[in-house]
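The structure under discussion appears below in the form of structure tokens.
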Protein chains: 2
Amino acid sequence: MPTSIPDIVISRLPIYLRALDRLAQEGFEVTSSQELGKRLGISSAQIRKDLSHFGGFGKQGTGYKITFLKDQLRAVLKIEREWEVVLVGAGDLGTAVARYRGFADRGFHITCVFDAAPDKVGKQVAGHVIQPIEKLPTVIREKNIQIAMIAVPAEYAQSVADILIESGVRAILNYAPINLNVPQEVHVQYIDPVLHLQQMTYYLS
Amino acid sequence: MPTSIPDIVISRLPIYLRALDRLAQEGFEVTSSQELGKRLGISSAQIRKDLSHFGGFGKQGTGYKITFLKDQLRAVLKIEREWEVVLVGAGDLGTAVARYRGFADRGFHITCVFDAAPDKVGKQVAGHVIQPIEKLPTVIREKNIQIAMIAVPAEYAQSVADILIESGVRAILNYAPINLNVPQEVHVQYIDPVLHLQQMTYYLS
DNA sequence: TAGATTGTTAATCGATTAACAATC
DNA sequence: TAGATTGTTAATCGATTAACAATC
């Protein structure tokens, strides 16, 4: 790798991929940076610049073949394969995440669901038997799992994260409304709908 | 307003607020840009710069009084008041959103839940009687609602958004994995967990 | 050929950081 | 007073945009 690619570029690739999926679904076979940009509210120059970090995927005068570009982006993002993910927390939020059907066809599969509450362990959620949190390290190590989702109350999120990282997890999607402190080689992303709402109210009257 | 404040600054304010809530909960009464920065992985200079757009909230040598700074940020973000929000979609995802307890104490209240499916209308979800989507314009206009959340399948999201906007909604939180086209005076934010996962896999081996 | 669109370079724009006087 | 930390300015850094030659 000559120079490392900006995080912000990486963060846009899944958005491009999602738009390409949509275009394919609508029956298009070819698209252009201009059309994609118009749909996404992004300049065409930025899209071409972003893609050019990874190679020349288009043809002058024509644009981009959608199936080809999708495959290329999937390869860049390493989602041609399916990733196994553990989910910690089987409360309201965890249950909703477990039931969410949007993961399957976009590269992710929930392997196993964990909870600390003894009354939840052994019960089922979305086809998974809930495992006690004590088994987390074993399962992660045995199945070599690199990705976890945290859906526990804010007070427990940090200690869950510590266990996950200690066991070998290297990417965490955190649904708890709290910042996690993690070593720099571990990646964390946050889902907090309230943050988005609070941002928008600034612009309202 | 002398010069308009960058969106990216606004987007960090709710994060600061969330961290301040946490600090308060832990019993702290005063904090500094350094401490806040350390917790959030943000430079102290950036925090001071961001806050300085809105006024001088701190004291040299001492830092920031947490309760005071919280109040100031809430005022800036306009969340001293509670905002009414409509939710469209009462499927798995919508139900989970309706049940989520994290909105209440952070400035938002779900007024009403809508769904298009006749077999869902009239049933209850999280204490709300599900309304038919035809009533959306009336409710929005009568209650003067400015914020909506969309939790319908991707294919319907755009047409729901069109109805919402037509009825007067000015901020949309979209849980459907699709980009919305909206007039520029309407604000849209997206929740798509898969996007975050796909970003992180790039960095995994 | 004429028209369209890419990939890339250079210019612009904006955000982050460093540094420090002011002052609690 | 000595130490700490703010608010702000100027310097740096990085990302976006404009422009265009190449070429399908």
Side-chain angles (χ1 to χ4, degrees), chain A residues 1-16 19-20 23 28-73 75-76 184 199 202, chain B residues 1-16 19-20 23 28-73 75-76 184 199 202:
Chain A
M1 214 167 293
T3 66
S4 109
I5 289 152
D7 286 356
I8 193 145
V9 171
I10 303 301
S11 77
R12 280 190 294 259
L13 301 184
I15 297 173
Y16 299 159
L20 290 166
L23 282 163
F28 293 89
E29 296 193 344
V30 169
T31 191
S32 66
S33 60
Q34 202 168 84
E35 171 162 37
L36 216 40
K38 210 178 113 199
R39 291 205 171 206
L40 296 175
I42 290 179
S43 80
S44 63
Q46 179 160 85
I47 292 174
R48 292 198 303 278
K49 188 98 216 280
D50 284 352
L51 296 178
S52 76
H53 284 103
F54 307 97
F57 300 142
K59 264 204 182 70
Q60 283 108 321
T62 317
Y64 303 89
K65 181 134 196 283
I66 291 174
T67 53
F68 177 72
L69 185 53
K70 276 174 60 175
D71 284 346
Q72 294 297 313
L73 288 181
V76 168
Q184 68 163 141
Q199 244 177 89
Y202 174 81
Chain B
M1 214 164 295
T3 66
S4 108
I5 288 152
D7 286 356
I8 193 146
V9 171
I10 303 302
S11 77
R12 280 190 294 260
L13 301 184
I15 297 173
Y16 299 160
L20 290 166
L23 282 163
F28 292 89
E29 296 192 342
V30 169
T31 191
S32 65
S33 59
Q34 201 167 85
E35 171 162 36
L36 216 41
K38 210 177 114 201
R39 290 203 173 208
L40 296 175
I42 290 179
S43 80
S44 63
Q46 179 161 85
I47 292 173
R48 292 198 302 280
K49 189 96 215 282
D50 284 352
L51 296 179
S52 76
H53 283 102
F54 308 96
F57 300 142
K59 265 205 183 68
Q60 283 108 323
T62 316
Y64 302 89
K65 182 134 194 284
I66 291 174
T67 53
F68 177 73
L69 185 52
K70 275 174 60 177
D71 285 346
Q72 294 297 313
L73 288 180
V76 168
Q184 69 164 142
Q199 244 177 90
Y202 174 80

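Chain identifiers are assigned alphabetically (A, B, ...) following the order of the sequence lines, protein sequences preceding nucleic acid strands; residue numbering begins at 1 within each chain.
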Can you name the one residue among B/Ser32, B/Ser33, B/Ser43 that meets side-chain hydrogen bond (donor to acceptor under 3.5 Å, both in side chains) with B/Arg48?
-> B/Ser33
Considering the options A/Asp71, A/Leu20, A/Val30, which one meets the side chain to side chain contact (heavy atoms under 4.5 Å, CB included) requirement together with A/Ile66?
-> A/Leu20
Rounded to whole Å, how long is the line connecting atom [atom1] of [X] with atom [atom2] of [N]?
| X | N | atom1 | atom2 | result |
| --- | --- | --- | --- | --- |
| B/Ile47 | C/dT17 | CD1 | C1' | 13 Å |
| B/His53 | D/dT9 | NE2 | P | 12 Å |
| B/Lys65 | C/dC24 | NZ | P | 17 Å |
| B/Glu35 | D/dA4 | CD | P | 15 Å |
| B/Phe54 | D/dT6 | CZ | C1' | 17 Å |
| A/Leu36 | C/dT6 | CG | C1' | 14 Å |
| A/Ile8 | D/dC13 | CD1 | P | 19 Å |
| B/Asp50 | C/dA15 | CG | C1' | 10 Å |

I want to check one thing: is the phosphate of [N], taken as OP1 and OP2, less than 4.0 Å away from some side-chain N or O of [X]?
| X | N | result |
| --- | --- | --- |
| A/Gln60 | D/dA22 | no |
| A/Ser33 | C/dT5 | no |
| B/Ser43 | C/dT17 | yes |
| A/Arg12 | D/dT16 | yes |
| A/Tyr64 | C/dA4 | no |
| A/Arg48 | C/dT6 | yes |

Nearest atoms (heavy-atom pairs only) where A/Leu40 meets A/Ala19 | CD2-CB, 3.9 Å
Residue mapping more 5' on DNA chain D - nearest nucleotide basis, A/Gly61 or B/Phe57 = B/Phe57
Starting at the 5' end of DNA chain D and moving along, which residue's nearest nucleotide shows up first, A/Lys49 or A/Lys59?
-> A/Lys49
Scanning all shown strands, the Watson-Crick or wobble mate of D/dA18 with both distances under 3.5 Å is C/dT9
Across all strands, who's sitting opposite C/dT23 as a Watson-Crick or G-U wobble pair, both distances under 3.5 Å?
-> D/dA4
Does CD in A/Gln34 sit with more than 12 non-hydrogen atoms of other residues, nucleotides or ligands closer than 6.0 Å?
-> no
Atom NZ of B/Lys70: over 12 foreign heavy atoms under 6.0 Å = yes
Measure from the side chain of B/Gln46, starting at C-beta and using heavy atoms only, and say which of D/dT8, C/dT16, D/dT17 lies closest.
-> C/dT16
